[in-house]
A.B. asks: 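Dumping the structure here so I can ask a few things about it.
Atom set for the values below is all heavy atoms of this structure, side chains included, hydrogens, waters and symmetry mates excluded. The first residue in the sequence is number 1, and the count goes up from there.
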Amino acid sequence: MFRRKRLAPLLVPLIIEQLLNSMMGTVDTIMVARAGSAAISAVSLVDAINILAILVFSAMATGGAILTSQYLGKGENENANHTGGQLLIAVTAFSLVTTVLCVIFTKPLLSLVFGKVEEDVMRASETYFLITVLSYPLIAIFNAASSLFRADGNSKLPMAISTASNIINIAGNAILIFGFSMGVAGAAWSTFASRLFCAVIVLFYLRRTKQAIGIKSYLALRPDTSIMLKILKIGVPTGIENGMFQFGKLAIQSTISTMGTAAIAANALVSILEGLSSQAPIAIGLGLMTVVGQCIGAGEQKEATYYIKRLTFYGWISLLISCVVVSALVKPLALISDMDTPVMTLAVNLTLFVHLIKPVVWILSFLPAYGMRAAGDVRFSMIVSSITMWTCRVAVTVILAHCFGFGPIAMWIGMICDWSVRSVVFEFRFRSKKWLSHDILN
């Protein structure tokens, strides 16, 4: 059974980490915006691809974290520790292969995803992508190792490392973008440096930790097919779900990219702020996975159900507060980023539109699913999310944009439709109790 007194020490660092990461990401975007509309457009477009890769790595980390948390709840610390080592092997190998393929096919990939964009935007995109793709193994290792600490209830260490990393990134941007006028290349190299720091430090602490999950010797790790298959059994559906989300975003991004640099730049700021308002509830969702995983491992299904309800309510409160704060900050942030007046007006109006509706439909479309995945119910979530992504988010956006002449707001209408349908479906799934019928450890 998960001990309630551990709830605040688990959730508070997670919320702080997610908020700091997002706020520093906002500062990062503002700093890049100073290099011009082409620069911020390039970073926004390429990050859509980078996020896809990161989400896939995170899905594998999720598979390992769910298994380890259930093993810990069951009292099988040795199996939890062994699973952690197998997770590191898997994510490292996969991320290295992904990096090599992306470097080889940089130009065809960007052309395929973005289609015809302005020439200066494409040049900047190629530069930013080639540098940031080198950091894929670093971010994969950090995500995997951090998920192991969180599975054991330690969210303070990942928070501290991530915060220091973001400070390094901001400082690097200041030096390379403003001091050396390196533009998007400066932003990319500072990102690489911050991710290198993350990977090195988290591996150092994972080897020296006194927690249940730790790795004494990385050189002694050997692949274990049976454990890796268990990780993939959870990680692959989660990765497909995450991938479908990002593929959908890329499809939508291709539509937005045809609307001109002003639309891309405005949408980039709106996307950053929408992400910012999601960070606190997402952090609670990450904590929910640890809590539910340990409850399920201990055989406490009623406790798992209780905590999903309780933490979903906490998530809704945090979302409501976040939406109010973001709505108040959007105009000052747009002014600080030195956007052109038409771009700023569009960004402000879109942000207010999204954050007026988001508190009503977002929370049930995400938070309960975190808990149900921790119980092993990953295929249902994958199927529902993939279907709603393409039938709601992508289809509605494309129809509104191309058939009815809607501007960037088409993307956000499609997204709200997606959230609404998912909320209804996941609520019925949670009430059915079918998500409790999985046994992922055997």
Side-chain angles (χ1 to χ4, degrees), residues 28 32 35 38-61 63 87-145 169 172 176 182-200 203 218 223 228 231-232 235-236 238-258 264 268:
D28 191 29
V32 174
I40 191 174
S41 297
V43 171
S44 173
L45 292 172
V46 171
D47 274 348
I49 299 176
N50 288 341
I51 291 171
L52 172 61
I54 292 170
L55 287 175
V56 173
F57 304 148
S58 297
M60 296 182 70
L87 174 61
L88 279 180
I89 294 174
V91 298
T92 301
F94 182 75
S95 61
L96 286 172
V97 171
T98 303
T99 296
V100 172
L101 292 176
C102 286
V103 169
I104 294 173
F105 298 106
T106 293
K107 290 187 177 181
L109 178 60
L110 294 180
S111 297
L112 175 66
V113 173
F114 304 143
K116 294 182 180 180
V117 297
E118 297 173 17
E119 187 177 347
D120 55 344
V121 174
M122 181 57 75
R123 283 198 306 268
S125 296
E126 290 176 3
T127 299
Y128 188 74
F129 183 67
L130 271 173
I131 299 171
T132 54
V133 78
L134 299 176
S135 68
Y136 281 2
L138 304 175
I139 194 65
I141 289 170
F142 175 70
N143 282 345
N169 187 30
L176 298 179
M182 291 177 63
V184 293
W189 281 119
S190 63
T191 297
F192 179 89
S194 67
R195 289 177 176 173
L196 177 61
F197 170 84
C198 280
V200 171
L203 288 177
Y218 295 112
M228 285 193 176
I231 293 173
L232 292 175
V236 168
T238 304
I240 292 173
E241 178 182 348
N242 292 345
M244 284 297 103
F245 265 107
Q246 200 57 25
F247 274 125
K249 286 184 178 180
L250 289 174
I252 294 170
Q253 195 73 267
S254 297
T255 300
I256 299 296
S257 66
T258 63
I264 297 173

A.B. asks: Sequence neighbours left out, what passes side chain to side chain contact (heavy atoms under 4.5 Å, CB included) with Thr98? Give chain and number order.
C.D. replies: Phe57, Phe94, Cys102, Tyr136
A.B. asks: Can you list the residues that meet the side-chain hydrogen bond (donor to acceptor under 3.5 Å, both in side chains) rule with Ser135, with sequence neighbours excluded?
C.D. replies: Arg195
A.B. asks: Per the salt bridge (charged side-chain N to carboxylate O under 4.0 Å, His left out) rule, what does the pair list look like for residues 122-145, sequence neighbours excluded?
C.D. replies: Glu119-Arg123
A.B. asks: Side chain to side chain contact (heavy atoms under 4.5 Å, CB included) with Phe105: which residues, sequence neighbours excluded?
C.D. replies: Leu101
A.B. asks: Could you go through the side-chain contact (heavy atoms from CB on, under 4.5 Å) check for Leu138 and Phe197 one step at a time?
C.D. replies: CA-CA 9 Å; Leu138 304 175; Phe197 170 84; over 6 Å; no
A.B. asks: Mind checking the OG1-CG spacing from Thr238 to Leu55? Nearest 0.5 Å is all I need.
C.D. replies: 11.0 Å
A.B. asks: If you measure from CG on Leu88 to OH on Tyr218, what distance do you get to the nearest 0.5 Å?
C.D. replies: 6.5 Å
A.B. asks: The criterion is side-chain hydrogen bond (donor to acceptor under 3.5 Å, both in side chains); which residues satisfy it with Ser194, sequence neighbours excluded?
C.D. replies: none
A.B. asks: With side-chain contact (heavy atoms from CB on, under 4.5 Å) as the criterion, how do Met60 and Leu232 come out once you've worked through the C-alpha distance, each side chain's angles and the decisive distance to 0.1 Å?
C.D. replies: CA-CA 7 Å; Met60 296 182 70; Leu232 292 175; 4.3 Å; yes
A.B. asks: Which pair of heavy atoms, one from Asn169 and one from Ser190, lies closest together, and at what distance?
C.D. replies: OD1-OG, 3.0 Å
A.B. asks: Search all heavy atoms of Ala144 against all heavy atoms of Val91 and return the closest pair with its distance.
C.D. replies: CB-CG2, 3.7 Å
A.B. asks: Atom OG1 in Thr92, atom CG in Leu203: separation rounded to 0.5 Å?
C.D. replies: 7.5 Å
A.B. asks: If you measure from CG on Leu109 to CD1 on Ile49, what distance do you get to the nearest 0.5 Å?
C.D. replies: 4.5 Å
A.B. asks: Among all residues two or more places apart in sequence or in another chain, which pass the side-chain hydrogen bond (donor to acceptor under 3.5 Å, both in side chains) test with Ser58?
C.D. replies: Asn143
A.B. asks: Can you measure from CD1 (Ile139) to OG1 (Thr132) and round to the nearest 0.5 angstrom?
C.D. replies: 11.5 Å
A.B. asks: Ignoring hydrogens, what is the shortest heavy-atom contact between Leu96 and Pro137? Give both atom names and the distance.
C.D. replies: CD2-CG, 3.6 Å
A.B. asks: Holding to side chain to side chain contact (heavy atoms under 4.5 Å, CB included), I want the full list of residues that pass it with Ile131, two or more places apart in sequence or in another chain.
C.D. replies: Thr127, Ala185, Ala188, Trp189
A.B. asks: Looking only at heavy atoms, what is the nearest atom pair of Met228 and Ala90, with distance?
C.D. replies: CE-N, 4.1 Å
A.B. asks: Run the side chain to side chain contact (heavy atoms under 4.5 Å, CB included) test against Val103 and tell me which residues pass, sequence neighbours left out.
C.D. replies: Thr99, Leu130, Val133, Leu134
